[in-house]
Each structure stands twice: as structure tokens, then as C-alpha cells.
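Everything below concerns the one structure shown next.
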Amino acid sequence: MGVALGGNRTEGRRRLLACWEGTGPGEHAHRCILAHYLADTESDLPAEIAWDEAALAEYAGVRDEDLVPLGIPSARGFAPSLHLNLGDGYLRRGEPGRARRHHVLGLAAADVLGTEGYGAMIRAGLENLGLRIEAARNAGPGTATGTSTGTTVHNAGPGTATRTPAGT
């Protein structure tokens with residue numbers, strides 16, 4: 001993940017895919033996190049969304065104790081980021097209804113986030129997504145749905161969330 005976050009997206013993607021291929025269907029926590037990061041290595045929006053969908057699907061089988069060894073203290077604290085990224089992807093693909101659904105789900109799960117650092121960053125991303133969804137709704141069908149939040153959210157553990165420009 002460090003290679004992908006450090007700017008070498010191609011090498012990072014190669015390494016993350018190797019890790020993904022080394023996991024089995026029951027390894028939900030590992031697969032959730034890998035898919036979350038793999039989405040960030042994609043320059044193709046449909047592929048990015050497919051990885052974000054995979055991350056959320058794997059998340060359904062994640063328990064708190066599964067994430068502790070990965071440096072994430074709470075499974076529920078990871079949900080807002082998953083919904084933020086998926087909502088952003090859907091909005092950029094021109095699906096504001098699906099984006100709104102994930103915006104609402106992200107907000108509903110955000111109550112476990114702190115008010116500083118990572119929590120503040122995710123809350124700001126959700127707020128921005130909500131504004132962009134509203135702008136798309138007001139603009140009407142067939143109009144641009146806004147740009148990305150400008151950041152992709154990564155959670156490498158407590159207090160270690162990083163921000164990278166979207167698409168990197």
C-alpha cells in the first residue's frame with residue numbers, strides 16, 4: 001500500500017493485485033482493505049467503482065477483531081470511507097441516486113468517527129459529496145454531476161489516514 005500511496009501507482013497496483021490473488025474468499029478484512037486501495041490505483045472509473053463495490057461487499061463479512069491486526073480499531077469506523085468513495089464514484093459516473101444512497105449510509109455510520117484528523121477528513125468529504133449531489137440534482141438530468149471530492153481517503157490505522165489527489 002505504501003508504494004501505491006507513495007506515487008508509484010503501477011507498481012503499487014501490481015503488488016496489491018498479488019496480495020489480492022493470495023487471499024481466499026473468507027478473508028474479508030484483507031480483501032476489503034485491498035479492494036479499497038486497489039480502487040485508488042485505477043484510472044478507469046468503471047474499474048475503480050468495481051473495486052469500491054468489492055470492498056463494500058467484503059466489508060459485510062468484517063468484524064472488529066478482524067481489523068485490529070491491520071491497525072484499524074473498529075470495523076464500523078471504516079464504513080463511512082467506503083460509502084464516501086463509492087458515492088463519489090457513482091456521482092462521477094452520472095448516478096446521483098446511487099451516490100445519494102451511499103452518502104446517507106456514510107453519514108449514518110459517521111457517528112463513530114472522531115471530530116479531528118481522520119474523522120474530520122471523512123466528515124468533510126461526506127459534506128462535500130452531499131453538496132455535489134445536491135448541485136447535480138438542481139442542475140437537472142443530462143448535466144455534469146460535479147467533480148471528484150479531490151481526495152481519496154486511505155486509512156492505514158488510527159491517526160494515520162492520508163489524503164491523495166483523486167486519480168493518483
Side-chain angles (χ1 to χ4, degrees), residues 1 4-5 7 9 12-13 16 28-29 31-60 62 67 70 72-168:
M1 288 182 245
L5 295 176
R9 194 162 75 180
R13 178 173 164 61
L16 289 170
H28 302 294
R31 291 170 68 92
C32 174
I33 295 199
L34 286 166
H36 183 64
Y37 281 95
L38 277 161
D40 297 337
T41 68
E42 292 291 347
S43 56
D44 177 64
L45 183 59
E48 176 186 336
I49 291 171
W51 280 117
D52 281 332
E53 289 171 336
L56 192 59
E58 292 293 340
Y59 174 78
V62 175
L67 292 174
L70 302 174
I72 302 169
S74 165
R76 189 154 186 258
F78 198 51
S81 177
L82 296 173
H83 288 295
L84 170 60
N85 287 355
L86 197 48
D88 173 65
Y90 286 144
L91 185 60
R92 288 186 287 132
R93 191 163 70 183
E95 298 180 62
R98 291 179 88 180
R100 169 66 68 199
R101 178 176 179 269
H102 286 282
H103 176 249
V104 168
L105 290 169
L107 288 173
D111 64 322
V112 299
L113 298 174
T115 58
E116 296 182 8
Y118 175 75
M121 181 177 62
I122 298 298
R123 288 176 194 280
L126 287 165
E127 182 179 340
N128 180 275
L129 177 60
L131 293 171
R132 291 175 39 236
I133 292 168
E134 187 63 25
R137 189 179 71 81
N138 290 337
T143 59
T145 56
T147 59
S148 170
T149 59
T151 59
T152 300
V153 178
H154 306 282
N155 182 6
T160 60
T162 58
R163 299 173 83 176
T164 15
T168 61

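Worth knowing before you read on, the calculation uses all heavy atoms, side chains too, and leaves out hydrogens, waters and symmetry mates.
For Ala35, the side chain to side chain contact (heavy atoms under 4.5 Å, CB included) partners are Trp20, Trp51, Ala54, Ala55, not counting sequence neighbours. Applying the side chain to side chain contact (heavy atoms under 4.5 Å, CB included) criterion to Leu105, with sequence neighbours excluded, gives His83, Arg101, His102. Residues forming a salt bridge (Lys or Arg N to Asp or Glu O under 4.0 Å) with Arg100 (at least two apart in sequence, or on another chain): Glu134. For Arg98, the side chain to side chain contact (heavy atoms under 4.5 Å, CB included) criterion is met by Glu53, Tyr90, Arg93, Glu95, not counting sequence neighbours. For Ala47, the side chain to side chain contact (heavy atoms under 4.5 Å, CB included) criterion is met by Glu42, Asp44, not counting sequence neighbours.
Between the side chain of Ser81 and the backbone N or O of Phe78 there is no donor-acceptor pair closer than 3.5 Å. No donor-acceptor distance shorter than 3.5 angstrom exists from the side chain of Arg137 to the backbone of Pro96, with no hydrogens or angles considered.
Between Glu127 atom CD and His103 atom NE2 the span is 8.0 Å, to the nearest 0.5 Å. Leu107 contributes atom CG, which lies 11.5 Å from atom CD1 of Ile122 (distance to the nearest 0.5 angstrom). Interatomic distance, SG of Cys32 versus CG of Leu67, reported as 7.0 Å (0.5 Å rounding). Atoms CG and CG, from Leu129 and Asp88 in turn, are 6.5 Å apart once rounded to the nearest 0.5 Å. Atoms CD1 and CG, on Ile133 and Asn138 in that order, are 12.0 Å from each other to the nearest 0.5 Å. The CG atom of Asp52 lies 10.0 Å from the CG atom of Leu38; values are rounded to the nearest 0.5 Å.
When side chains are defined from C-beta on, Leu16 does not count as touching Arg13, because their heavy atoms never get closer than 4.5 Å.
Applying the side chain to side chain donor-acceptor pair (under 3.5 Å) definition to pairs two or more places apart or across chains, those involving residues 104-117 are Arg76-Asp111.
Summarising the geometry of Ala99 relative to Gly87, their closest heavy-atom pair is CB-O, 3.3 Å, with the distance given to 0.1 Å. The minimum heavy-atom distance between Ala136 and Leu91, with the atom names listed, is CB-CD1, 4.1 Å. Of all heavy-atom pairs spanning Tyr59 and Ala79, the tightest one is OH-CB, 3.4 Å.
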